[in-house]
Student: 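Starting off with a structure, shown below.
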Amino acid sequence: MATEEAAVTNFIRDIINEDLAAGKHSGVVTRFPPEPNGYLHIGHAKSICLNFGIAQDYAGRCHLRFDDTNPTAEDIEYVDSITEDVKWLGFNWGESCFYAADYFERIYGYAEDLIKKDRAYVCTLSPEEFKEYRGVPNRPGKSSPWRDRPVEESLDLFRRMRAGEFADGEYVVRAKIDMASPNLHMRDPAIYRIKHAHHHRTGDAWCVYPMYDFAHCIEDSIEGITHSICTLEFEVHRPLYDWILDALEVECHPQQIEFARLNLTYTVMSKRKLLELVRDGHVDGWDDPRMPTVSGLRRRGFTAASIREFCRRVGVTKVESLTDIALLEHCIRDELNKTAARAMGVLNPLKLVITNYPEGQEETLEGINNPGDESAGTRPVPFSRELYIERGDFREEAPKKFFRLKPGQEVRLRYGYLVTCTGCKKDEATGEVTEVTCTYDPETRGGNAPDGRRVKGTIHWVSAAHAKEVEVRLFDRLFTCERPDDVPEGGDFKDNLNPDSLSVTRAFVEPSLATAEPGSRFQLERTGYFVVDTKDSTPECPVFSRIVPLRDSWAKKR
RNA sequence: UGCCCGAUUGUGUAAUGGUAGCACAACGGUCUCUGACACCGUUUGUCUAGGUUCGAGUCCUAGUCGGGCAACCA
């Protein structure tokens, strides 16, 4: 996509440019550091594009690093999905796939160093007492009675913590900073805790695990990260990040830079909430096509390029924002308009009988696969006396500007003939139209009249005898309001779930689609872009999922 | 009632003391064998009040509004 190559600029790149110009670094090393405790979503995609994008543009490196310091939340399943998603998004970490767990020995050593320097101590306060002593934002905390525990004693205790002599929560290692700091994170934060838990990578080798604040800056430092980019909520952690690296006197001290996370209308973006949707069965799994997860978007039919383009257009700032999901939809439409093959399919079928077309006759017409790309070629489309058309394309009584079928009006059958509506049949009981009749002009084969008369409307169709019946899944937004998180007191974001976000129907598609490969994308003309579902399609019955509808200015006018 | 961060059209962003621009959305039109696409046009913006300056969206001060921070989570 040409637009994707347009120069990107943002405040983080400005900082990098300045650092490079000042000779602070000779190259750029970034990292994407997910905790493997959930699936990646489009917000992570923004971070991935940012970090890997910078590495690409500055000829540097971006590490994929699993920040797996909390074994009770993490799982190998997530490691695998994250790896797959980053790869699918089109990024390459080369040899640089790391795990915080692989640094546990070094991180532990740094904690001992801190204790030896009397910059950390082992605290015996219970979690409740710990909380109480910390104080509240506008009131200073008070020192733990164990704050001045002798270095040797702390060291001994820490080693016994590691050796497994104590139960979870009995002791904790704390950095010795400032209990009166207005920044709560500086009030002697915990840096190591006891957790007798099995780790997905280190197994049962450890029963003490470092806290995020202690581990993360060390991981960055070990890897020689130059710019450690994270989201805004870590801003208040930065003084601690810097304090630890300063106290440890390490050589490499990366710069933490925070940016605003992505928010999207009509969806939620927290792992916890997404997990809740999966666990409670509101969706069909992490890769449900309605989910804002990378795997959900992939299954929905979004391309990696369209997601990258979206992330580029969204920009990077420190302003908390809510991006209109229409922008994401625009990005995929824009790409698929150029690349997707066209075909015809009728979602809500109504029989159309051409009364003057010879019974039993059929012929093969030619459909253009992509009007914007001649190299896409053409395909045969069978035509016969009885067709299916879209129910919405017929109205017995219709306004003047209704350019479709109504009694007495002529329309074009795409790539077919001009037909004039002569009437319809109805179910006597319900009044529902069951069949529409028309006559065709044999001189208009292919869709053009020799006398040059203009026909305003063109509708799509499939030959009833040749149609392939398939399953179609149409998606609407998962939530009914722009900000599902905004709920009144006592409410829950799930109250805003859209009960009609999924509708499943049968549809008739032209025979060329019968053998469509799972994962392939099409534009069903006048209807939308579809992907053949990769999970539920069978050779007998492909499942066509709508990625996004076509824009429809007629629908708006009505 | 503490500290930190932020504020440019409906939304997302650009402008690095010198003409407030772009994209999406909306609206109107042209074109059209997709009421799509494309093309043209229109509407809407620098939170407020002071200050510095020849000149302020940009710098300073105060305020207002919004967000974050009180897991042995990340």
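Keep in mind it's a predicted model, so treat the numbers as computed, not measured. Just so it is clear: chains get the letters A, B, ... in the order the sequence lines come, proteins before strands, and each one is counted from 1.
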Student: Are any of Arg187(A)'s side-chain N or O atoms less than 4.0 Å away from OP1 or OP2 of A70(B)?
Tutor: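 Result: no.
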Student: Quick one: Glu390(A) CD to G35(B) C1', roughly how many Å, whole number?
Tutor: 14 Å
Student: Using the ring centroid of each side chain, check whether Tyr241(A) and His237(A) are separated by less than 6.0 Å.
Tutor: no
Student: Does any nucleotide pair with A56(B) by Watson-Crick or G-U wobble geometry, both distances under 3.5 Å, and what is it?
Tutor: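 WC or wobble partner does not exist here.
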Student: For nucleotides 15-30 of chain B, just jot down a letter per nucleotide in 5' to 3' order: B, S or -, based on protein non-hydrogen atoms under 4.0 Å.
Tutor: -B------SSSSS---
Student: Pick base, sugar-phosphate or nothing for Tyr209(A), based on heavy-atom distances below 4.0 Å to the nucleic acid.
Tutor: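 No contact.
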Student: Using the P atoms only, state how far C24(B) lies from U42(B), rounded to an integer number of Å.
Tutor: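 About 16 Å, rounded to a whole number of Å.
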Student: Quick check for you: among A71(B), U34(B), U32(B), whose closest atom lies nearest to any side-chain atom of Arg134(A)?
Tutor: A71(B)
Student: Sticking with atom C1', work out how far G21(B) lies from U44(B), rounded to a whole angstrom.
Tutor: 15 Å
Student: Phe479(A) vs Phe493(A) aromatic rings, parallel, tilted or perpendicular, using cut-offs 30° and 60°?
Tutor: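 Judged by the thresholds at 30° and 60°, the geometry between Phe479(A) and Phe493(A) is tilted.
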Student: Quick check, does Trp554(A) stack with G35(B)? I mean ring centres under 5.5 Å and planes off by under 30°.
Tutor: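 Check passed, Trp554(A) stacks on base of G35(B).
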Student: Rounded to whole Å, how long is the line connecting atom CG of Leu336(A) with atom C1' of U34(B)?
Tutor: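 My rounded result for the distance is 15 Å.
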Student: I'd like to know whether the aromatic ring centres of Tyr209(A) and Phe104(A) sit less than 6.0 Å apart in this structure.
Tutor: yes
Student: If you find the nucleotide of RNA chain B closest to Ile459(A) and the one closest to Lys195(A), which residue's nucleotide is nearer the 5' end?
Tutor: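 Per heavy-atom nearest nucleotide, the more 5' residue is Ile459(A).
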Student: The side chain of Tyr212(A) is closest to which nucleotide in this list: C72(B), C69(B), A74(B)?
Tutor: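 In terms of side-chain proximity for Tyr212(A), the closest of C72(B), C69(B), A74(B) is A74(B).
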Student: Report the distance from atom CG of Asn183(A) to atom P of G2(B), rounded to the nearest whole Å.
Tutor: 15 Å
Student: Is any side-chain N or O of His185(A) under 3.5 Å from a base N or O of A71(B), one able to act as donor and the other as acceptor?
Tutor: no
Student: With a 4.0 Å cut-off on heavy atoms, is Pro71(A) in touch with a base, just the backbone sugar-phosphate, or nothing at all?
Tutor: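 Nothing, no heavy atom under 4.0 Å.
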Student: What does Phe402(A) touch in the nucleic acid at a heavy-atom separation under 4.0 angstrom: a base, only the sugar-phosphate, or nothing?
Tutor: base
Student: Run the salt bridge (charged side-chain N to carboxylate O under 4.0 Å, His left out) test on Arg453(A) and Glu410(A) for me, step by step, so that the C-alpha distance in whole Å, both residues' side-chain angles and the decisive distance to 0.1 Å come before the verdict.
Tutor: CA-CA 11 Å; Arg453(A) 69 181 186 273; Glu410(A) 185 173 52; 2.8 Å; yes
Student: What nucleotide among C69(B), C72(B), C5(B) has an atom nearest to a side-chain atom of Leu184(A)?
Tutor: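 Of the options given, the side chain of Leu184(A) lies nearest C69(B).
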Student: Would you check if the side chain of Arg193(A) reaches a backbone N or O of Val173(A) as a donor-acceptor pair within less than 3.5 Å?
Tutor: no
Student: What nucleotide, of C3(B), C73(B), U34(B), holds the atom closest to the side chain of Gln523(A)?
Tutor: U34(B)
Student: Take atom OH of Tyr241(A) and atom P of A74(B), then tell me their distance rounded to the nearest Å.
Tutor: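 The distance from OH of Tyr241(A) to P of A74(B) comes to 15 Å, rounded to the nearest Å.
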Student: Looking at Ser181(A), I'd like to know whether one of its side-chain N or O atoms comes within less than 4.0 Å of OP1 or OP2 on C3(B).
Tutor: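 False: Ser181(A) side-chain N/O out of range (4.0 Å or more) of C3(B) OP1/OP2.
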Student: Where the side chain of Val236(A) is defined as all heavy atoms beyond and including C-beta, which of C69(B), A71(B), G2(B) is the nearest nucleotide?
Tutor: C69(B)
Student: Measure centre to centre between the rings of Tyr212(A) and Phe234(A), then say whether the value is under 6.0 Å.
Tutor: yes
Student: Looking at the side chain of Glu233(A), which of U32(B), G68(B), A36(B) is the nearest nucleotide?
Tutor: G68(B)
Student: Whether the side chain of Tyr192(A) engages the backbone of Tyr108(A) through a donor-acceptor N/O pair (distance < 3.5 Å, no angle test) should be reported.
Tutor: yes
Student: So if I take every side-chain heavy atom of Glu235(A) and compare against C4(B), C73(B), U34(B), which nucleotide ends up nearest?
Tutor: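 Within the option list, the nearest is C4(B).
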Student: Within the 4.0 Å heavy-atom criterion, would you say Gly447(A) contacts the bases, only the backbone, or no part of the nucleic acid?
Tutor: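 The answer is base, as Gly447(A) lies within the cut-off (heavy atoms under 4.0 Å) of a base atom.
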Student: For U32(B) and A25(B), measure between their P atoms and round to the nearest Å.
Tutor: 24 Å
Student: If each of Ser553(A) and Leu413(A) is mapped to the nucleotide of RNA chain B with the nearest heavy atom, which maps nearer the 5' terminus, i.e. the 5' end?
Tutor: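 Result: Leu413(A).
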Student: Would you classify Leu125(A) as touching base, sugar-phosphate or nothing, given that sugar-phosphate means primed atoms plus P, OP1 and OP2, and contacts are heavy atoms under 4.0 Å?
Tutor: base
Student: Assign A71(B) to syn or anti; the rule is syn for a glycosidic angle within 90° of 0 and anti otherwise.
Tutor: syn
Student: Answer yes if the ring centres of Tyr78(A) and His200(A) are under 6.0 angstrom apart, and no otherwise.
Tutor: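 Tyr78(A) vs His200(A): aromatic centres not under 6.0 Å.
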Student: Quick one: which of G35(B), C72(B), A38(B) gets closest to the side chain of Val172(A)?
Tutor: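 Of G35(B), C72(B), A38(B), C72(B) is nearest to the side chain of Val172(A).
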Student: For Arg454(A), answer base if it contacts any base atom (sugar-phosphate contacts may also be present), sugar-phosphate if it contacts only those atoms, and nothing otherwise; contact means non-hydrogen atoms under 4.0 Å.
Tutor: sugar-phosphate
Student: Between atom CD1 in Ile12(A) and atom P in U13(B), what is the gap in whole Å?
Tutor: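 Computing the Ile12(A):CD1 to U13(B):P distance gives 12 Å.
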Student: If we take the P atom in both U13(B) and U9(B), what is their distance in whole Å?
Tutor: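 One P to the other, the span is 11 Å.
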Student: Please report, rounded to the nearest Å, how far the C1' atom of A36(B) is from the CZ atom of Phe530(A).
Tutor: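 Going from Phe530(A) (CZ) to A36(B) (C1'), I get 14 Å.
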Student: Specify the separation, in whole Å, of atom CD1 of Ile191(A) and atom P of C72(B).
Tutor: 13 Å
Student: Scan Arg65(A), Glu219(A), Glu223(A) and name whichever one has a side chain to side chain donor-acceptor pair (under 3.5 Å) with Tyr103(A).
Tutor: Glu223(A)
Student: Looking at U46(B), which nucleotide sits across from it as a Watson-Crick or G-U wobble partner, both distances under 3.5 angstrom, or is there none?
Tutor: none
Student: When both hydrogen-bonding distances must be under 3.5 Å and the geometry is Watson-Crick or G-U wobble, what is C24(B) paired with, if anything?
Tutor: G10(B)
Student: Of the nucleotides C3(B), C72(B), G35(B), which one has an atom closest to the side chain of Arg404(A)?
Tutor: G35(B)
Student: Would you check if the distance from the ring center of Tyr417(A) to the ring center of Phe383(A) is below 6.0 Å?
Tutor: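 Centroid separation for Tyr417(A) and Phe383(A): below 6.0 Å.
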Student: Of all the nucleotides listed (A74(B), G2(B), G35(B)), which has the minimum atom distance to the side chain of Phe403(A)?
Tutor: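 Side chain of Phe403(A) sits closest to G35(B).
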Student: List the steps, then state whether ring pair (Phe, Tyr, Trp, His ring centres under 6.0 Å) holds for Phe530(A) with Phe522(A).
Tutor: CA-CA 5 Å; Phe530(A) 289 75; Phe522(A) 300 90; 9.4 Å; no
Student: With a 3.5 Å limit on both atom pairs, tell me what C3(B) is paired to, counting Watson-Crick and G-U wobble, or say none.
Tutor: G68(B)
Student: Need one value for Pro371(A): base, sugar-phosphate or nothing, where a base atom within 4.0 Å counts as base even if backbone is also close, heavy atoms only.
Tutor: base
Student: Rounded off to whole Å, could you give me the CD-to-C1' distance for the Glu329(A) and G12(B) pair?
Tutor: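 For the pair Glu329(A) CD and G12(B) C1', the rounded distance is 15 Å.
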